[in-house]
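Below is one structure, written out as structure tokens; the observations come after it.
Keep in mind that what you see is a predicted model, and the values were worked out from it rather than measured.
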Amino acid sequence: MPTEPASLKPAGSPAIKPSGLAWRLVKENLLAEAQMITAYEEAARKGLPFVRYLIDQKLLDSRRIAVAASHEFGIPLLDLSAFDASALPTNLVDERLIRRHRALPLLRRGNRLFLAVSDPTNDQALEEIRFNTGLATDAILVEEDRLNAAIETAINAQDTSSISQFVDADLEKLDIAPDDDDEKRDESEANIDDAPIVRYINKILVDAISAGASDIHFEPFEKFFRIRFRQDGLLREVASPPLNTAGRLTARLKVMSRMNIAERRVPQDGRIRLKLSRTRDIDFRVNTLPTVYGEKIVLRILDSSSAQVGIEALGFEPEQREAFLSAIKKPYGMILVTGPTGSGKTVSLYTALNILNQPEINISTVEDPVEIQVPGINQVNLNPKTGLTFASALRAFLRQDPDILMVGEIRDLETAEIAVKAAQTGHLVLSTLHTNDAPQTLTRLANMGIAPFNIASSVLLIMAQRLARKLCVHCRKQLDDLPREALHKEGFTDEEIDAGLKIYGPVGCDQCTKGYKGRVGIFQVMKISEAITRLILEGGDAMQLADQAQREGVADLRQSGLRKVKSGIIGLEELNRVTKD
């Protein structure tokens with residue numbers, strides 16, 4: 001039976017004592033005692049609620065925590081999906097208090113206000129809201145992830161109408177005369193002060209963040225205008241404003257991005273920063289592209305918190321995680337991450353940099369452009385117009401007393417040669433390439449013109465990756481009608497099938513998007529062993545390198561994906577989508 005210590009004292013913090021809920025999680029074997037103590041210390045150090053920290057770090061899901069809290073405090077667990085979040089009385093409590101304390105007003109009865117919270121021990125929230133409203137406050141226990149979604153829905157509903165209401169009401173009333181003469185457009189159009197347009201764009205941006213989208217597409221066509229979000233790697237249409245509003249919406253986005261509003265004939269790049277709270281800013285990288293029917297605008301959502309996930313959340317198998325951590329702790333050498341655009345390479349690299357980011361280490365990066373800003377790391381934006389290329393930035397870094405260098409992408413021989421020399425002269429170099437798998441990366445470097453002995457003496461590890469959509473744990477269903485031959489064809493062995501193989505598929509519920517929620521990495525982590533080094537020096541091709549990696553037990557992308565299918569994390573259909581031959 002775990003023994004509750006009198007206090008825990010993290011470095012630089014006052015003594016703290018884990019709550020009863022923390023010990024309940026240990027008692028019910030949901031967390032090991034040492035794991036709980038570490039999590040409690042880290043949550044206190046970062047100023048986060050314990051429950052929020054557990055969920056952010058993927059240590060426990062919100063449902064298990066909520067059930068444990070219900071048992072600990074003797075409070076019934078409320079299903080928040082039974083409430084219409086857009087009709088909740090959020091106007092009783094200041095939005096800043098709701099966001100800061102993660103406490104959502106559910107119901108007012110006389111002089112009592114009932115608040116949905118995921119941690120009933122958060123007395124500070126209840127007291128501060130009681131003081132600001134003059135109402136007695138009672139805590140109602142709910143699940144953390146449902147609470148977060150309900151807070152965003154309720155607050156957004158108070159700020160403005162839904163997208164469809166905007167389209168039907170405000171936007172269609174706007175009379176925007178078409179202007180076919182591009183040369184007559186000038187800066188006067190920058191005065192985009194129409195309240196419906198401003199509110200509509202703000203609503204789109206907030207909705208995209210709430211939905212966990214990675215990109216927003218504003219697309220004009222001959223007879224319609226549409227807005228799409230990229231969620232979990234796939235595009236989904238979310239709105240179709242009236243076509244006669246396209247010019248005004250485009251102009252508003254260009255003003256926000258500080259672009260030249262009079263220029264519509266060439267692509268432009270810009271940036272938007274949206275402040276969600278005192279502690280959280282979201283950046284949008286904005287790009288325009290002239291098309292036949294107007295300017296298409298794409299916004300890439302750059303959330304720095306996405307690069308601060310723990311390495312456990314990336315999806316490594318245990319041996320892959322060990323190989324990756326061992327490589328990034330080497331004093332010098334090169335680590336390469338490969339995969340197509342949107343496969344999570346940047347997040348993997350920044351996860352490594354966050355682990356390495358210490359005051360005594362000098363880290364410099366050059367990217368095109370910098371997507372995630374991290375305090376303590378010297379980050380440089382590529383700017384070819386001024387001569388600031390990957391190669392020139394790398395040369396400058398080497399005169400800046402570096403320890404660790406990160407190059408956004410190795411695109412040419414010059415950059416590759418400088419990166420290799422840096423790796424050979426006492427620096428740890430991290431970079432990316434666009435190849436299909438790890439063995440092909442070695443032959444790509446050789447094809448660029450890097451000598452085999454330089455490749456063999458500099459590269460430590462190559463990691464290929466893909467991102468696959470995770471099945472929703474609330475609604476996934478077991479597939480029982482898969483024939484044995486089909487499972488063999490997918491790559492499963494007789495032993496795996498006979499051992500009671502369970503395959504799950506998507507269904508769809510109010511907790512997910514068509515049966516999927518979130519994404520997980522599928523990895524091929526290949527260390528450069530002595531045998532592989534010999535093959536490189538002998539000029540071996542990608543097939544020979546892949547065969548040797550297989551003999552050394554390196555799982556390829558397909559094999560790694562099959563492990564996640566067996567674990568019920570992803571489905572076969574999704575695996576086939578991301579690992580097509």
Checklist line | Exam field: side chain R109 to backbone R112, donor-acceptor pair closer than 3.5 Å | finding: no
Note to self: Does the structure place the NZ or CZ of R469 under 6.0 Å from the centre of the six-membered ring of Y516, at an angle of no more than 45° from the ring's axis?
What the structure shows: yes
Notebook entry, point to check: So, N357 side chain and L353 main chain: donor-acceptor pair closer than 3.5 Å or not?
Noted result: no
Next item on the list: In sequence, state the C-alpha distance, the side-chain angles, and the governing distance for L299 and D215, and then conclude on side-chain contact (heavy atoms from CB on, under 4.5 Å).
Entry: CA-CA 5 Å; L299 284 72; D215 302 86; over 6 Å; no
Notebook entry, point to check: Do Q478 side-chain atoms and K502 backbone N/O form a donor-acceptor pair below 3.5 Å?
Noted result: no
Item checked: Exam field: side chain K345 to backbone R466, donor-acceptor pair closer than 3.5 Å -> no
Margin query: Are L243 and F221 packed together at the side-chain level, in the sense that at least one heavy-atom pair is separated by less than 4.5 angstrom?
Written below: no
Check: Side chains of E367 and T346: is there a donor and an acceptor less than 3.5 Å apart?
Finding: no
Next item on the list: Inspect the surroundings of CZ in R236 and state if more than 12 heavy atoms from other residues, nucleotides or ligands are less than 6.0 Å away.
Entry: yes
Checklist line | Close side-chain approach of L302 and I282, heavy atoms under 4.5 Å | finding: no
Next item on the list: May I ask you to check if R476 and Y504 form a cation-pi contact, with NZ or CZ under 6.0 angstrom from the six-membered ring centre and within 45° of the axis?
Entry: yes
Check: Is a side-chain N or O of N378 found less than 3.5 angstrom from the main chain of I363, in a donor-acceptor match?
Finding: yes
Item checked: Note, V578 side chain near I522 side chain (heavy atom, < 4.5 Å) -> yes
Next item on the list: May I have all residue pairs that pass salt bridge (Lys or Arg N to Asp or Glu O under 4.0 Å) and include part of residues 68-78, sequence neighbours excluded?
Entry: R24-E72
Notebook entry, point to check: Any side-chain heavy atom of L274 within less than 4.5 Å of one from F284?
Noted result: yes
Item checked: Exercise: do S62 and E144 side chains pair donor with acceptor under 3.5 Å -> no
Notebook entry, point to check: Between L147 and L104, is any pair of side-chain heavy atoms under 4.5 Å apart?
Noted result: yes
Margin query: Closer than 3.5 angstrom, by distance alone: can the side chain of T351 be matched with the main-chain N or O of I311 as a donor-acceptor pair?
Written below: no
Notebook entry, point to check: Taking NZ, NE, NH1 and NH2 as the nitrogens, is one of them in R321 or E312 under 4.0 Å from a carboxylate oxygen of the other?
Noted result: no
Item checked: Donor-acceptor contact below 3.5 Å, side chain S343 vs main chain P340 -> yes
Notebook entry, point to check: Is a side-chain donor or acceptor of D138 paired with a backbone partner of L115 at a separation under 3.5 angstrom?
Noted result: no
Next item on the list: Verify whether one side chain among E317 and S560 offers a donor that lies under 3.5 Å from an acceptor in the other.
Entry: no
Notebook entry, point to check: Is a side-chain donor or acceptor of K517 paired with a backbone partner of L471 at a separation under 3.5 angstrom?
Noted result: no
Margin query: Between Y53 and F50 (judged by ring centroids, cut-off 6.0 Å), do the two rings come close enough to count as a pair?
Written below: no
Checklist line | Distance-only polar pair, side chains of Q124 and H101, donor-acceptor under 3.5 Å | finding: no
Item checked: Close side-chain approach of I227 to Y200, heavy-atom, < 4.5 Å -> yes
Check: Donor-acceptor pair, S257 side chain versus I272 backbone, under 3.5 Å?
Finding: no
Checklist line | Salt-bridge criterion met for R228 and E237 (N-O under 4.0 Å) | finding: no
Next item on the list: Verify the neighbour count for atom CD of E28: are there more than 12 heavy atoms of other residues, nucleotides or ligands below 6.0 Å?
Entry: yes
